Each structure stands twice: as structure tokens, then as C-alpha cells.
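Below, chain A is the first sequence line, B the second, and so on; all start at residue 1. Worth saying up front: this structure is predicted, and the values here are computed from it rather than measured.
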Amino acid sequence: MPPPLISSQNHAILGSLNEAQRRAVTSDAPTVAILAGPGSGKTHTLTSRVVWLVDYVGIRPENVIVATFTVKAAKEMKERIGKALGNGREKKLVLGNFHSIARRYLAAYGRHIGLNQKFGIADDADSRAIIKRICSRKQVQPDPAYVRAWISKKKAKGTEVDEKQARIDASKSPGLQELEECYQEYQSHLEKSNLLDFDDLLVRCVELLQKFPSCVSNIQTVLIDEYQDTNGIQYELMKLFAQKHRRVTIVGDPDQSIYGWRSAEVKNLWRFLKDFRGTAEISLEENYRSFQSILDLSLLVIQQDKNRYKKILKPIHNKGSRPALRKLKSASAEGDWIVSEIKRVIMMSGGMLTHNDVAILLRSASLSRHIENGLGKAGIPYRMVGGFKFYDRVEIKVIIDYLRVIYQPENNDALARIMNVPKRGIGEGTIQKFLEEARQASISVWSLLSKHSRGERTAKTKITTPMEQKIVTTLLRPLDAIRKKIGQSHGPNGTPFGLVEMIEQLISSINLQKHIKTTYPDDHEQKWANIEEFISLAADFVREQAQSEDDDLLPEIEGVEQTKETEILPRFLANVSLAADAQTGDKDEESKPVVTISTIHAAKGLEWPIVFIPAVYNGSIPHQRSEDSDEERRLLYVAMTRAQNLLYLSCPTFAASNDDDSSPSRNQLSPFIEPIHRAFANKGPCLDRPVMTEIAKVLKRKLPSEDDIFRELPTMFSIEDNLFPVDPEQRQGDTVEPPRAKRPRLSGPGHRNTTGEENPWKKEYATTMEQSSGFTVSALPGFISASTHQAKLAAETAANEALKAAERAKKLTATAKRPLDQKSILGFFGSKPSSAASSHLPPTSSNKPQPPVSTKANYNPLGRNQFPGLPRSSSTPKPAIEPELATHRLSTGKPTMSRPSRKENIEKVKQYPAFSSSPQKPPVEEEGNVDDDDDDGPPEPTRAAACLHSTTYTNMPLSDFNKGGVKRPPRLNRDGAITPLDKLRQPFKPLTVNRGR
DNA sequence: GGACTTTCCCTCAAA
DNA sequence: GGGAAAGTCC
């Protein structure tokens with residue numbers, strides 16, 4: 001292949017990248033590790049690299065594996081890549097979450113390792129039930145939950161287990177014998193039912209790829225997102241995917257490792273760097289997402305972990321408002337307060353911000369109740385991500401279990417669940433006996449029943465005549481009829497028996513509607529609506545499958561025979577098990593702004609302008625049952641760093657004990673927040689003109705005029721966060737600031753208010769004086785009273801002092817400068833854990849003054865000698881592609897897609913609309929911070945808190961930096977050719993809906 | 001004796 | 001709000 005005709009700098013995809021990102025995207029090192037903090041554009045970089053490799057390097061999409069951890073992430077990535085690649089080429093990529101990729105390989109090649117091709121997937125409920133039964137039959141000591149966790153861990157660790165570690169673990173688990181026995185029984189049960197559980201999907205895929213490497217012989221490159229969440233078996237899988245060419249790109253952030261409980265191991269990062277020597281390590285250091293004050297506080301949280309690998313995170317945006325830590329009386333007050341703040345923010349933004357911009361992030365899904373109540377009362381639309389799944393609803397589960405039994409008659413567990421639904425007069429005890437008899441006879445319950453009904457074999461379990469009647473007429477026959485139809489669908493001229501028709505026939509033949517009506521008289525309508533929704537989901541699935549046709553199939557490999565999945569039912573069932581969420585009609589969802597309620601886990605990788613984190617008390621975060629408190633801290637860090645502009649933490653002072661109980665227990669503030677609580681504001685920020693202007697700037701939106709905003713404010717509207725007492729333990733009146741005379745600001749909106757009319761809010765005053773305890777004149781926009789100003793100043797000085805004192809007390813390495821040569825993470829992990837905390841300290845003398853800001857090293861990480869494999873070079877990236885990579889060919893001998901000629905390339909320069917969830921680099925902030933310029937604006941500490949954690953931040957406040965006339969790294973889009981910023985108004989794409997309203 | 005109804009428990013996070 | 005043990009009914 002001839003050398004590239006166009007230089008890499010001209011490739012359109014690069015326009016949206018900063019220098020470090022561009023190096024990561026275009027790196028020709030075989031293995032690339034991109035390590036970066038939140039909001040630095042990791043995923044954007046990864047998707048760009050995929051596009052680069054396919055579009056520029058010329059790797060065929062079907063030879064690329066992109067693995068993520070969640071269905072959601074996979075879906076979003078597919079969309080983004082699709083937009084950039086065009087021609088539907090993204091469909092050819094082997095892209096998905098680990099489990100679904102593994103399932104595809106097993107479906108295609110599983111029979112080579114003796115896997116029954118009709119395998120089903122045992123979900124959580126299945127494996128729980130199976131283990132429970134085994135435990136009670138064997139009367140084992142440990143409880144089923146523990147056994148289950150033990151088995152899962154054993155599988156997830158992978159085969160390359162450290163022998164020493166294994167022995168230690170073995171000695172630590174008492175009743176090892178019993179556990180092993182349960183494990184054996186569990187596996188044999190799964191095998192008999194022809195099921196694989198989630199872990200098995202990975203385990204068996206590893207087995208397949210070890211024995212038949214040729215299955216992945218076409219794979220030229222592998223990319224992994226959220227790498228810090230890989231567990232042992234996934235690590236092996238990744239290596240096996242890439243075994244032919246060993247070209248891997250990983251993206252991750254150890255600080256965001258929050259899946260340890262699922263056996264994710266951060267040390268896999270170190271393992272990676274050891275296994276792939278010469279990996280190019282690239283760090284992305286600029287945070288494009290959040291205001292600096294949000295990053296400051298997030299860092300104060302994460303830095304409590306003394307053993308972490310410290311990274312640089314440079315805020316790009318201005319300081320912004322101080323995040324709030326709000327105390328409320330109870331969980332329901334918390335919910336009401338959140339509602340009031342949401343309303344306030346939206347009103348005060350004049351509609352610039354909508355419900356879509358708000359997320360409420362929870363440690364556990366069960367915390368949503370009070371919040372949902374509050375939102376419901378206020379009529380604010382919301383959706384819940386994570387937590388209860390659509391597919392987990394009883395009425396949906398029944399249908400799914402029926403479908404499973406149709407597909408796999410030998411699935412005893414599914415059959416057991418539906419045997420008496422609708423009621424057939426078969427009790428729990430009888431079902432258990434069936435299961436036991438079937439187990440002993442080594443046949444399935446289904447065949448036990450059907451043999452009995454045909455008189456071929458009399459069941460030992462007593463079956464009464466009416467019972468038998470019911471079984472035959474409402475269970476065996478209808479399902480057999482459906483199976484028969486499926487079998488005929490492949491006949492010469494028979495139109496295929498569609499999934500939707502199948503479900504409809506099923507529903508009518510078991511008379512599900514009647515069952516729903518009688519069993520759930522109160523909400524049968526809702527339940528029936530869910531069933532209809534499910535049918536339409538099935539229809540969507542069928543349509544999607546028809547569109548992608550065989551794109552979902554793996555590329556043909558010579559010499560390894562593939563099984564083609566022709567039936568829709570197994571694919572649908574797999575999709576149901578592996579998909580985190582049901583996807584409902586996007587169209588109406590996008591038009592109606594809704595508040596997002598999500599678990600923190602499910603929010604990873606996403607961002608919102610306004611983020612609430614309720615229930616930051618000990619027991620919620622860190623969770624009562626958590627084992628790793630560092631992981632809980634990281635979880636809080638992940639949650640906080642989702643926020644772009646406004647961040648709220650809140651904590652109910654008293655636990656919501658059950659109403660009759662008169663002794664409410666007191667909640668303790670989370671230990672991660674307690675030491676730094678003074679760094680937070682004690683109530684929501686003032687949302688005056690400067691603040692809103694700043695937000696508008698970051699979000700690239702247009703802020704309505706102040707007059708317009710205030711004209712829209714309803715009566716009785718409180719423009720400050722003062723509807724709830726700041727200290728819930730005092731009577732409300734005690735905490736209220738005395739009313740003060742208003743005074744126009746010297747500069748600022750009030751000053752510019754030239755309308756002769758009386759401001760509309762003034763009238764409301766009189767009408768709301770009854771509840772004036774929560775009202776202050778100083779709250780008026782554009783006006784700030786002297787005493788408020790003073791109080792605010794004092795508070796902030798105090799908070800700042802406290803912060804500094806806390807830092808000093810903790811003897812943080814506050815005086816150390818940011819290392820100019822941040823070490824490789826390999827060195828960090830390589831050092832002994834005890835010394836790890838100090839090993840990464842910068843070599844720079846702590847007394848040395850901050851180096852001149854113009855140091856190129858500040859912005860040229862290459863200069864930091866981080867990448868032994870790459871030459872230290874000028875700031876222009878090396879355009880060349882390693883010849884070896886450029887000439888990669890398919891093992892099948894098919895011609896490699898040729899790179900477009902120069903002319904073609906110029907002609908179809910794509911505008912690559914932003915396919916990052918994070919905005920790209922905003923224009924250089926020439927004027928500096930708002931607070932600095934607006935001398936009457938909310939006072940802020942002169943020195944940014946950044947200087948307090950210089951080991952992670954650059955020591956220099958950004959404002960100084962901006963003013964210093966320092967040359968920033970060249971912006972690739974300064975010529976105006978690429979203007980994707982406007983397209984970033986929607987900060988995130990609404991994802992999924994799990995819950996009806 | 002087994003099916004149906006009521007009470008108590010518990011419930012972290014996700015594929 | 002849901003699932004399992006205990007209690008009640010046929």
C-alpha cells in the first residue's frame with residue numbers, strides 16, 4: 001500500500017480533537033492506553049479512533065471489535081460511530097458489550113466446544129432460584145446469596161488465576177467443600193436446562209477462543225471502553241480477541257472504577273501494561289465538562305484516597321457557582337426541595353434549561369421513592385434509568401417465561417414459574433415435587449408432564465384429574481401448537497410465523513388478559529398497557545433485525561464453520577436478557593423534556609448541566625453493605641463529576657423511619673463529605689444574571705433577556721433556595737436572614753434595568769408575606785444588600801479558611817508542584833502498595849516556584865517523556881502510519897478497503913458532528929472569569945481552590961493562565977471549518993425508559 | 001393434604 | 001412495593 005496521500009492533520013475527524021486526543025486517535029503504536037479523568041473526552045477519543053482506523057488506516061469494520069460494559073454505552077457508541085462513518089458501516093463492526101459479543105461468538109461457533117446451539121441465558125432470577133433450591137436440598141451452611149456470589153466470583157476471575165492468591169482465598173472460605181459441591185450441582189443443572197448464566201457466556205467464550213483461535217483470526221484491532229471495569233475473565237477475553245495481531249486500545253480511569261463488586265479489578269490496567277510492553281500511554285488532561293468549582297470539590301473527595309494514581313485534570317471552564325450541600329428534615333422534604341430547586345433553576349433560566357438538563361443520581365434505586373413522589377406531586381415528568389427493569393415486571397416476566405419454555409422445553413425453572421400462572425390449581429408443593437422427580441429421573445419437567453399426559457409414564461407426583469386437564473389444555477397443547485407453527489415457518493412457501501403473532505397467540509391461548517384482570521384488579525389497565533408495550537417492543541425488534549439482516553453475523557472465517565442464527569425467538573430472548581433496558585419509542589421521548597432519575601452506576605459516562613445527589617449519608621454512600629469504602633468514594637466522585645454547571649448534594653437529617661415509629665434515627669453525613677462540608681454552600685446558588693450567563697456560555701445556548709425571564713416568573717415564586725430551612729433542626733424562623741433594604745448594584749443587571757415599570761415580583765411580595773419567614777429582599781435578582789454581601793463574603797472566607805486548614809491538617813502534598821513528568825501508571829502499580837502513595841509524588845522540589853506558564857511541557861505531554869515508544873517530537877503529530885498496519889489484510893484474502901484518494905477525501909470531508917457526550921473545547925476565554933470581571937458579582941476567593949490540590953491540578957488558576965497571554969494549544973477548528981459546538985446543545989441523548997409513569 | 005391468603009422481611013450496584 | 005413463611009380455608 002502506498003504511503004498516505006493525505007496528511008493526517010487534514011482528516012476531518014481530527015478537527016474535533018485536542019492535541020492529546022489527536023495523538024491517541026492517530027497513534028500507530030500497537031497498543032494504546034488512554035488514561036484520563038472525567039469529562040476529558042475519553043469516549044469521544046475512542047470513537048474517533050475507531051473511525052480513524054476504519055476510515056483512514058483502512059481496517060475493515062468487520063475486523064474491529066469494540067467492547068463496552070453496558071448495552072447503553074454500546075448503543076450510543078454505535079450511533080456516534082455511525083454518524084461519522086456513514087454508509088451503515090458501523091453495523092459491520094463487532095460492537096457491543098462483552099456479554100453480547102461473547103454470545104454472538106458462542107451462537108456462531110459454540111458447537112465446536114460442544115455447546116448445544118439452542119442454549120438460553122439464565123438471568124439473575126434463574127440462577128438465584130437454582131442455587132436456592134440446591135442449597136436447601138443439600139442443607140448447606142452458607143446462605144444462597146453467598147454461594148451465588150462465590151460462584152460468580154470464581155467464574156469472573158478467569159482462568160489465569162494467580163495460584164498463590166487462589167490458595168489464600170481457599171483458606172479464607174470456610175465450607176469450601178460445600179461451596180464446590182454447590183458449584184458443581186449448579187453447573188450441571190444449567191447444563192441440563194441448556195442454560196448459560198452471565199458469567200458462563202464469558203467463560204465459555206474464552207474456552208472457545210482458546211481452542212479455536214481462528215474464530216477471531218480476522219480481528220485486526222480491539223478497542224475497550226471503561227477499561228477500569230474489566231474483570232479477570234473479560235481481560236482474558238480481550239486478549240483472546242486480539243490474539244492474532246495484538247493491537248488493542250483501551251480507555252479508562254482508575255478513579256471511576258465502581259464495579260469491584262462485579263469482580264472488576266483495577267490491577268488489570270497494570271496487567272495490561274505488563275502484558276503489552278511498549279504500550280503508548282496517553283493522558284487526556286483537560287476537563288471540558290464541568291465548572292471548576294465542581295471539579296475542585298470532586299477532587300477533594302477523590303483525593304481522600306491516598307493510594308490512587310494521581311492524574312492531571314485541568315478545568316477548561318470558569319469557576320462557576322459553588323456546589324451546594326443541603327440539609328433537609330426528611331427524605332420526603334428532600335424530594336420536595338429537589339422539586340423546588342428544579343423549578344427555580346428552570347424558571348430563573350427563562351427556559352434555557354429544561355427538565356432534560358436535570359439528573360438525580362442515587363446510590364440505590366430504592367431511594368427514588370420520595371423523589372418520585374415529589375416529582376409526581378409537582379407534575380414534573382421523569383424517567384427512571386436503572387433500578388427496576390421493564391422486563392422485570394411480573395406481567396412481562398410471565399410472557400418471557402412462556403417464550404422461554406416454548407423455545408426451550410427443558411428450561412425447568414421457567415416452566416416452574418409459569419406452571420400455575422394463570423392459576424391451574426397447581427400449588428407450590430406440587431411444582432417442587434415435579435422438579436425433584438424430574439431431577440431424579442434426569443428428564444425435564446416438560447417431558448415428565450407430556451409423557452404422563454400421553455400415558456407413557458406415570459408421574460410419581462400425584463396429579464389430580466382437574467389438574468391434569470388444565471395442564472393438557474392450557475399448557476402443553478397451546479405451547480406445542482406454537483412450537484409446531486415455528487417449525488413450519490421454514491417451509492417452502494409458508495410465511496414465517498412472526499414473533500409478534502407468536503406472542504399474540506400465546507396471550508390469547510392462555511387467556512392472559514383475564515388473568516391480569518382478576519389478579520390485579522387495581523392496576524390491570526396499566527399492566528395490560530405494559531403488555532401492549534412489550535408487543536410493540538417485539539415488533540421493533542423484528543423490524544430492526546430485518547434491517548440489519550446479516551450484519552449482526554460475524555464475518556465468515558475460512559475453515560471454521562459458523563452456525564447461522566435464523567430464528568428470531570432465541571435472538572429476542574437473548575436481547576431481553578442481555579439488554580439492560582427496554583427501549584421505547586424515542587420519538588415522543590425526545591420531544592418531551594424529562595428529568596432523569598438514575599442510579600450512579602447507570603449514570604457513568606453521561607453528563608447533565610444540573611445534577612442532584614440526594615441521600616449523602618453514611619449508610620447510603622458508603623452503602624451499609626458495601627465492602628470497599630474506596631469504591632464507594634469513587635462512586636460519589638463519579639456522581640459529582642457528571643455535573644456540568646450546578647451540583648447539589650443533599651442529606652435528610654433524620655432517617656425516614658416508618659411513620660408510626662416516633663423515634664426517627666439521625667442520619668450522619670457521609671464520611672466522604674463530612675471533612676469537607678464547609679467547602680460547600682449550604683443552599684442552592686444564587687441564579688443571577690452572571691451565573692446564568694456563564695452557564696449559557698458553557699452550554700452554548702441563548703439566555704433569554706432578563707426582562708423575559710422575570711415576566712415569566714409565576715406569583716409566589718421564590719427566586720432563592722429559601723423555601724426550606726438551611727438548618728432543619730432549628731425552627732424555620734431562626735434561620736432566616738432579616739429583611740434588608742434593596743440596593744441597586746453598581747453594575748450588573750439591576751443597574752441596566754431601564755424599564756420604568758415596577759418589577760413584577762415586587763407585587764408578589766405583599767401577597768406572600770404570610771410565609772415571609774423564607775423570604776428575603778436580598779433575594780431579588782440584580783440586587784444585593786450590603787449585609788447579604790457581607791454575610792456571603794464572610795461565609796466564603798470562612799469556608800475557604802476551613803478548607804485550607806483541613807488540607808493543612810491532612811498534610812496533603814499541597815506544596816508539591818504538579819509533576820512535569822507524570823509517571824507511567826505502570827510505575828505506580830509496580831511500586832509496593834505501602835509506598836505507592838509517595839512513589840508518584842513529583843520529583844520537583846516543593847519549594848521550587850511554579851515553572852513559567854509558557855513551558856511547552858504544560859501542553860505537550862510528549863515532552864513529559866510519557867511515551868517511551870514514541871519519539872519526543874514537535875507538536876505536529878506524526879502523520880505516518882506504520883507500514884505494517886497500513887498493509888494489514890484480511891486473512892480471508894478479501895481485498896482491503898482502499899483508502900479514498902486525496903481528491904475523494906477532500907470532496908467528502910465530513911463535518912463529524914460532535915459525537916461526544918462532552919462538548920469540545922470552548923473558545924478561549926479571553927476575558928477571564930466572570931467573577932473576576934464583575935466586581936459586584938458574587939465574591940469568590942481570589943485564588944481558586946485549585947491551588948490546594950496542586951498535585952493533581954496545575955498550580956496556576958486558570959484565570960491567570962488565560963490572562964497571561966499564554967499561547968494555548970492550537971485549536972484545530974479555529975479556521976471555522978468545523979463548527980460542531982452548536983450541535984452540542986443537547987448535552988446527552990435521552991437513553992432509555994424503564995418505568996411507565 | 002394442598003391451595004389460597006396474610007404477615008413479615010428485605011432490598012446495593014448490573015449483564 | 002415484593003417474596004417467602006405462617007395461617008386459613010376447601
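- Set against C/dG1, B/dA3, B/dA13, the side chain of A/Arg369 has C/dG1 as its closest nucleotide.
- A/Lys433 comes within contact range of the sugar-phosphate backbone alone, with a heavy-atom separation under 4.0 Å but no base atom that close.
- Nearest nucleotide to the A/Trp261 side chain, out of B/dC4, B/dA15, B/dA14: B/dA14.
- Residue A/Arg262 places its side chain closer to B/dA14 than to any other of C/dA4, B/dG2, B/dA14.
- Here A/Thr430 lies in heavy-atom contact (under 4.0 Å) with sugar-phosphate atoms only.
- The CD atom of A/Gln432 sits 10 Å away from the P atom of C/dA4 (whole-angstrom rounding).
- For the pair A/Leu362 CG and B/dA13 P, the computed distance is 10 Å after rounding to whole Å.
- Taking the six-membered ring wherever Trp is involved, the centroid distance between the rings of A/Tyr391 and A/Phe572 does not fall below 6.0 Å.
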Dump every N/O contact between nucleotides 5-11 of chain B and the protein below 3.5 Å, one line per pair.
{"residue": "B/dT11", "atom": "OP2", "partner": "A/Arg625", "partner atom": "NH1", "Å": "2.6"}

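- What separates CZ of A/Arg417 from P of C/dG3 is a distance of 11 Å, to the nearest Å.
- Across the protein-nucleic acid pair, A/Met384 atom CE and B/dA14 atom P stand 8 Å apart, rounded to whole Å.
- A/Lys514 pairs by the side-chain contact (heavy atoms from CB on, under 4.5 Å) definition with A/Asn511, not counting sequence neighbours.
- Counting non-hydrogen atoms under 4.0 angstrom, A/Phe98 reaches nothing in the nucleic acid.
- Listed by first and then second residue, the salt bridge (Lys or Arg N to Asp or Glu O under 4.0 Å) pairs involving residues 360-370 of chain A are A/Arg363-A/Glu632 (not counting sequence neighbours).
- For A/Gln432, the side chain to side chain donor-acceptor pair (under 3.5 Å) criterion is met by A/Glu428, not counting sequence neighbours.
- Toward the 5′ end of DNA chain B lies the nearest nucleotide of A/Gly429, the other residue of the pair A/Ser100 and A/Gly429 mapping further downstream.
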Can you pull every protein N or O that's under 3.5 Å from an N or O on nucleotides 6-9 of chain C?
none

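- Under 3.5 Å, the side chain of A/Asp124 and the base of B/dA15 form at least one donor-acceptor pair of N or O atoms.
- The side chain to side chain donor-acceptor pair (under 3.5 Å) check on A/Lys460 picks up nothing, with sequence neighbours excluded.
- Contacts of A/Gln668 classified as side-chain contact (heavy atoms from CB on, under 4.5 Å), with partners at least two apart in sequence or in another chain: A/Asn618.
- Residue A/Ala602 has its side chain nearest to B/dA14 when only B/dA14, B/dA13, B/dA15 are considered.
- For B/dA15, neither phosphate oxygen OP1 nor OP2 lies less than 4.0 angstrom from any side-chain nitrogen or oxygen of A/Asn231.
- The two atoms that bring A/Leu95 and A/Ala74 nearest to each other are CD2-O, 3.2 Å, heavy atoms only.
- Here B/dC12 is the nucleotide among B/dA14, B/dA15, B/dC12 with the atom lying nearest to any side-chain atom of A/His623.
- With sequence neighbours left out, the side-chain contact (heavy atoms from CB on, under 4.5 Å) criterion links A/Lys470 to A/Arg424, A/Thr474.
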Practice prompt. Give DNA chain C the dot-bracket treatment, 5' to 3': Watson-Crick (N1-N3 with N6-O4 or O6-N4) or G-U (N1-O2, O6-N3) under 3.5 Å, [ ] crossing, | other strand.
Written response: .|||||||||

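- Salt bridge present: A/Glu76 and A/Arg80 bring a charged side-chain N and a carboxylate O closer than 4.0 Å.
- In the set C/dA4, B/dA15, B/dA14, the nucleotide with an atom closest to the side chain of A/Leu578 is B/dA15.
- Here A/Asp123 pairs with A/Ala125, A/Asp126, A/Phe198, A/Lys397, A/Arg404 under the side-chain contact (heavy atoms from CB on, under 4.5 Å) rule; sequence neighbours left out.
- Across B/dA15, B/dA3, C/dA4, the shortest atom-to-atom separation from the side chain of A/Lys132 is found for C/dA4.
- Identified under the side-chain hydrogen bond (donor to acceptor under 3.5 Å, both in side chains) test for residues 253-264 of chain A, with sequence neighbours left out: A/Asp253-A/Gln256, A/Asp253-A/Lys311, A/Asp255-A/Arg308, A/Asp255-A/Lys311, A/Gln256-A/Arg642, A/Trp261-A/His601.
- When rounded to the nearest whole Å, the span between CD of A/Glu226 and P of B/dA15 equals 12 Å.
- Take A/Ser453 and apply the side chain to side chain donor-acceptor pair (under 3.5 Å) test, not counting sequence neighbours, and it matches no residue.
- Atom pair A/Tyr259:OH and B/dC12:C1' shows a separation of 12 Å (rounding to whole Å applied).
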